[in-house]
Structure formats: C-alpha cells, structure tokens
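All residue numbers refer to positions in the sequence shown, counting from 1. Fair warning: this is a prediction, and the values are worked out from it, not measured in the lab.
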Amino acid sequence: MSKTVTSVAEPRVAVPVVDALNRISAFATAPVSIHDRRERRVGYYPRTHLAALTDPAARTSLLGGAHSLWYEYVCLRLHQALADLESAVAALPDTVSRAIRSELEAERHGLETGLADFSGTFSEEEPEAERCWEFGHPFVKYDDGQDTLSDETREQLDRRESGCTPKEREKAVAALRVLVAAHSQGGDVWASLDDPSCRLFVEPYDSDGFYLTIEAPEPGDDEALWEIEIGRWVPDDPEEEPGEHTSATGHDVVGCALPVAPTAEEIAHLLKAVDEKPLLLAEWAESHVGAVLAGTAMVVTERYDS
C-alpha cells in the first residue's frame with residue numbers, strides 16, 4: 001500500500017510514509033485473515049478496527065477494547081502506525097496527504113468488500129475493489145521488528161490469557177498497553193519487549209553486567225503485583241571475570257513489588273534513567289529493603305542475596 005507516495009521526491013521523506021503505510025496494511029489485514037483459535041474453538045477476530053483507517057475519531061477505540069490479548073496488541077500497534085503516518089505526512093503537500101487518505105479509503109473498502117464476499121453478504125451494487133484479499137492469505141509484509149503478527153506471539157498471548165475471566169483479561173490487556181506504550185516512549189533506549197504481555201528487559205551498555213526487568217502481574221492472580229527487579233550476570237566459571245566470561249547466568253539482586261500499577265510514563269522514565277546512567281543499576285543493587293531507589297518513588301521490598 002504505497003503507490004501514491006511515489007510523488008514524494010526525497011527518499012528520507014518517503015521512507016517513513018511507506019513504512020507506516022505497510023504497517024497499517026499489515027495490522028489492519030492480519031486479524032481479519034485468520035481464525036481465532038483460543039480455548040480450542042474456531043472463531044473470527046473483530047473487524048471494528050477497520051473504521052480507524054479512515055475515521056480519526058474511531059482511533060481511540062483501538063485503545064479501549066478487551067477482546068483478546070493478541071487482538072488488542074495488534075490494535076495498539078495499528079494505533080501507533082496511524083500516529084506515525086500522521087507525523088510523517090504533516091509537512092507534506094496537501095495533494096500528497098489527500099492521495100494517502102485515498103489509499104487508506106481504498107484499503108478499508110477492499111478489505112470490507114473481501115470480507116463481505118467471504119461471509120456471503122456481498123452486494124452486486126458495491127463498487128469493485130482494487131485490494132486483493134483472501135482469507136488465510138493476507139498478502140502483507142509481516143515483519144514490524146516486534147514479531148507482532150507471528151504465530152509464536154499470538155500463541156504465547158493466547159496461552160497467557162487462557163482461563164481468564166473477562167475482568168481478568170481486561171486487566172491483562174491494560175498491563176500490556178502500559179508496557180508497549182512505555183517501550184515506545186523509551187525512544188532510543190535499548191529495551192526488549194521479551195514478552196509483550198508481561199515483561200520488559202533492559203541491559204544498557206557499560207552497566208557492569210547489571211540489568212533491569214519490569215514485569216506485569218500474572219492474569220488471574222489477584223494478589224500478584226507489578227515487579228521491578230535489578231539483576232546481574234554472574235560468570236558460570238568462577239575463574240572468569242565479569243565482562244570477560246564465556247557464559248553467565250542471571251541472578252536477581254533486589255526487587256520492588258509495586259502496590260499501585262505504574263504508568264507508561266513512569267516506566268519510560270526508568271528506561272531513560274538507566275540509559276543515561278547505566279551504573280545507576282549498580283547503585284540501585286546496593287539498596288536495602290525499605291530503601292527508595294534513587295531518583296524514583298519505588299521502594300525495595302526484597303533482597304535476593306540476603
């Protein structure tokens with residue numbers, strides 16, 4: 001989905017537009033192209049997200065559902081891609097902006113026409129769609145760098161919510177949004193979303209082997225809390241020095257169980273703090289139970305080496 005951006009002469013301007021359009025197409029298409037196989041059944045994912053392609057007012061709904069962890073994860077990524085496209089076209093001529101809006105309208109129309117044909121509700125009076133779509137064969141670029149649309153990610157998220165009540169699933173989706181938003185707000189900070197539903201991992205360069213994990217509560221466990229932990233890689237061979245080892249095992253050093261769920265902004269602040277000062281992790285690792293991590297409001301609730 002990028003035919004109109006050929007009118008943008010400068011590659012540095014065109015590349016982010018094309019990238020955003022490709023992600024939008026993938027995130028819009030994938031959910032309506034596969035079966036929802038949770039709980040050993042065969043169903044379909046919602047198609048309500050398609051409205052956000054052409055209606056800015058509908059985009060807030062991408063952040064308000066609780067259908068399933070994977071579907072809401074894709075909706076969140078779609079929301080981010082639409083925001084990225086809006087930023088990318090802000091400085092472009094109005095003629096290009098209109099052409100891009102026309103592409104989004106064609107994308108939505110093509111998918112809705114294909115879905116109507118698939119479900120047997122297609123009307124002969126509907127205008128023919130240029131968009132080629134077939135259930136089971138979405139024909140989109142999948143790799144967004146986060147494996148959002150991979151079978152592995154979908155199955156992982158499905159397992160995590162297995163057995164959840166609607167209320168528990170809603171809480172799990174809210175936690176997922178916090179982690180993904182924090183990861184996005186971290187900017188250039190190197191952080192990996194190890195498990196999009198529950199864990200961020202941060203190991204800045206020159207941190208002397210220390211790392212940070214931020215983990216959301218396990219769905220279904222009413223007593224579980226958000227946890228912030230500082231750990232350190234310890235060489236498997238005691239003869240080897242940290243940083244010069246051939247293999248190492250991670251060991252938790254201190255942990256903070258948070259009585260109140262953190263905001264995405266609070267987590268992003270943590271990410272940026274350790275990125276700017278990697279040895280802050282070593283300083284935090286010296287904290288005793290009851291102490292506040294320097295520069296934060298987070299209290300150490302456990303030392304694992306005591």
Side-chain angles (χ1 to χ4, degrees), residues 20 23-24 26-28 30-31 36 38 45-53 55-87 144-150 152-162 164-187 189 191-202 212-222 224-228 257-272 298:
R23 284 185 287 132
I24 290 167
F27 297 144
D36 176 2
R38 291 174 299 148
Y45 288 100
R47 60 182 71 175
T48 51
H49 62 281
L50 297 179
L53 297 186
D55 181 5
R59 292 176 189 175
T60 55
S61 66
L62 295 174
L63 305 178
H67 174 271
S68 61
L69 280 173
W70 181 76
Y71 178 72
E72 302 306 335
Y73 184 37
V74 174
C75 284
L76 179 54
R77 292 295 190 197
L78 175 58
H79 186 276
Q80 291 176 332
L82 286 164
D84 290 344
L85 179 64
E86 190 172 320
S87 297
D144 67 334
Q146 304 292 337
D147 292 327
T148 301
L149 301 178
S150 70
E152 181 180 357
T153 295
R154 186 174 70 258
E155 291 164 3
Q156 182 183 40
L157 294 176
D158 286 352
R159 286 193 299 271
R160 186 165 175 79
E161 70 168 81
S162 179
C164 282
T165 64
K167 185 176 180 180
E168 291 167 345
R169 183 181 299 111
E170 186 175 349
K171 288 177 64 177
V173 168
L176 177 150
R177 290 193 181 110
V178 168
L179 284 173
V180 175
H183 185 247
S184 176
Q185 291 173 24
V189 176
S192 65
L193 203 57
D194 277 5
D195 178 340
S197 66
C198 70
R199 187 183 301 109
L200 269 171
F201 177 83
V202 190
L212 173 73
T213 58
I214 301 162
E215 191 158 355
E218 191 73 24
D221 185 349
D222 292 337
L225 301 174
W226 280 79
E227 294 186 357
I228 309 292
L258 308 182
V260 178
T263 64
E265 290 73 21
E266 288 172 327
I267 295 176
H269 171 72
L270 277 184
L271 302 184
K272 292 174 182 177
M298 298 175 184

*For V178 against P262, the heavy-atom pair lying closest together*: CG1-O, 3.7 Å

*Spatial distance of atom CG (L50) from atom CG (D55) [nearest 0.5 Å]*: 12.5 Å

*Decide side-chain contact (heavy atoms from CB on, under 4.5 Å) for V180 and R77; before the verdict, give the C-alpha distance in whole Å, the side-chain angles of both, and the deciding distance to 0.1 Å.*
CA-CA 9 Å; V180 175; R77 292 295 190 197; 3.7 Å; yes

_Nearest heavy-atom neighbours spanning L225 and P217_ = C-CG, 3.7 Å

*For the atom pair CE (M298) and CD1 (I214), what is the distance rounded to the nearest 0.5 Å?*
7.0 Å

_Flag side-chain contact, heavy atom, 4.5 Å: H49 against V74_ = no

*At what distance, to the nearest 0.5 angstrom, does CG of D36 lie from CZ of R38?*
4.0 Å

_Y71 and Y45 aromatic ring geometry - parallel, tilted or perpendicular at 30°/60° bounds_ = parallel

*Which heavy-atom pair separates L193 from H183 by the least distance, and what is that distance?*
N-NE2, 4.1 Å

*Are more than 12 heavy atoms from other residues, nucleotides or ligands located less than 6.0 Å from atom CD of E168?*
yes

*Check the pair H79, R177 against side-chain contact (heavy atoms from CB on, under 4.5 Å), reporting the backbone distance first and the verdict last.*
CA-CA 11 Å; H79 186 276; R177 290 193 181 110; over 6 Å; no

*Determine the minimum heavy-atom distance between A182 and L271, stating which atoms define it.*
O-CD1, 3.8 Å

*Quick one: closest heavy-atom pair of E161 and L69, and the distance?*
OE1-N, 2.7 Å

*Quick one: list whatever passes side chain to side chain contact (heavy atoms under 4.5 Å, CB included) with A216, sequence neighbours left out.*
A175, L179, C198, W226

_Would you say that V202 contacts L270 through its side chain, given a criterion of any heavy-atom pair below 4.5 Å between the two side chains?_
no

_Looking only at the side chains, is there a donor atom on one of R159 and Q156 sitting less than 3.5 Å from an acceptor on the other?_
no

*Is any side-chain heavy atom of W70 closer than 4.5 Å to a side-chain heavy atom of L149?*
yes

*Report, as yes or no, whether the 6.0 Å neighbourhood of atom CD on E218 holds more than 12 heavy atoms from other residues, nucleotides or ligands.*
yes

*Rounded to the nearest 0.5 Å, how far apart are CG of L82 and CZ of R23?*
9.5 Å

_For A66, is there any backbone N or O sitting under 3.5 Å from a side-chain donor or acceptor partner on E72?_
yes

_Would the distance check show the side chain of T153 and the main-chain N or O of S150 forming a donor-acceptor pair, the cut-off being under 3.5 Å?_
no

*asked:* To the closest 0.5 Å, what do you measure between CZ (F27) and OG1 (T148)?
replied: 4.5 Å

*Quick one: does I24's side chain get under 4.5 Å of D84's, heavy atoms only?*
no

*Where is the tightest heavy-atom contact between L62 and A52, given as atom of each residue plus distance?*
CD1-CB, 3.7 Å

*Sub-3.5 Å donor-acceptor pair from the side chain of S87 to the main-chain atoms of A83, do we have one?*
yes

*Apply side chain to side chain contact (heavy atoms under 4.5 Å, CB included) to T263 and list each qualifying residue two or more places apart in sequence or on a separate chain.*
E265, E266

*How many angstroms lie between CD in Q80 and SG in C75, if you round to the nearest 0.5 Å?*
12.0 Å

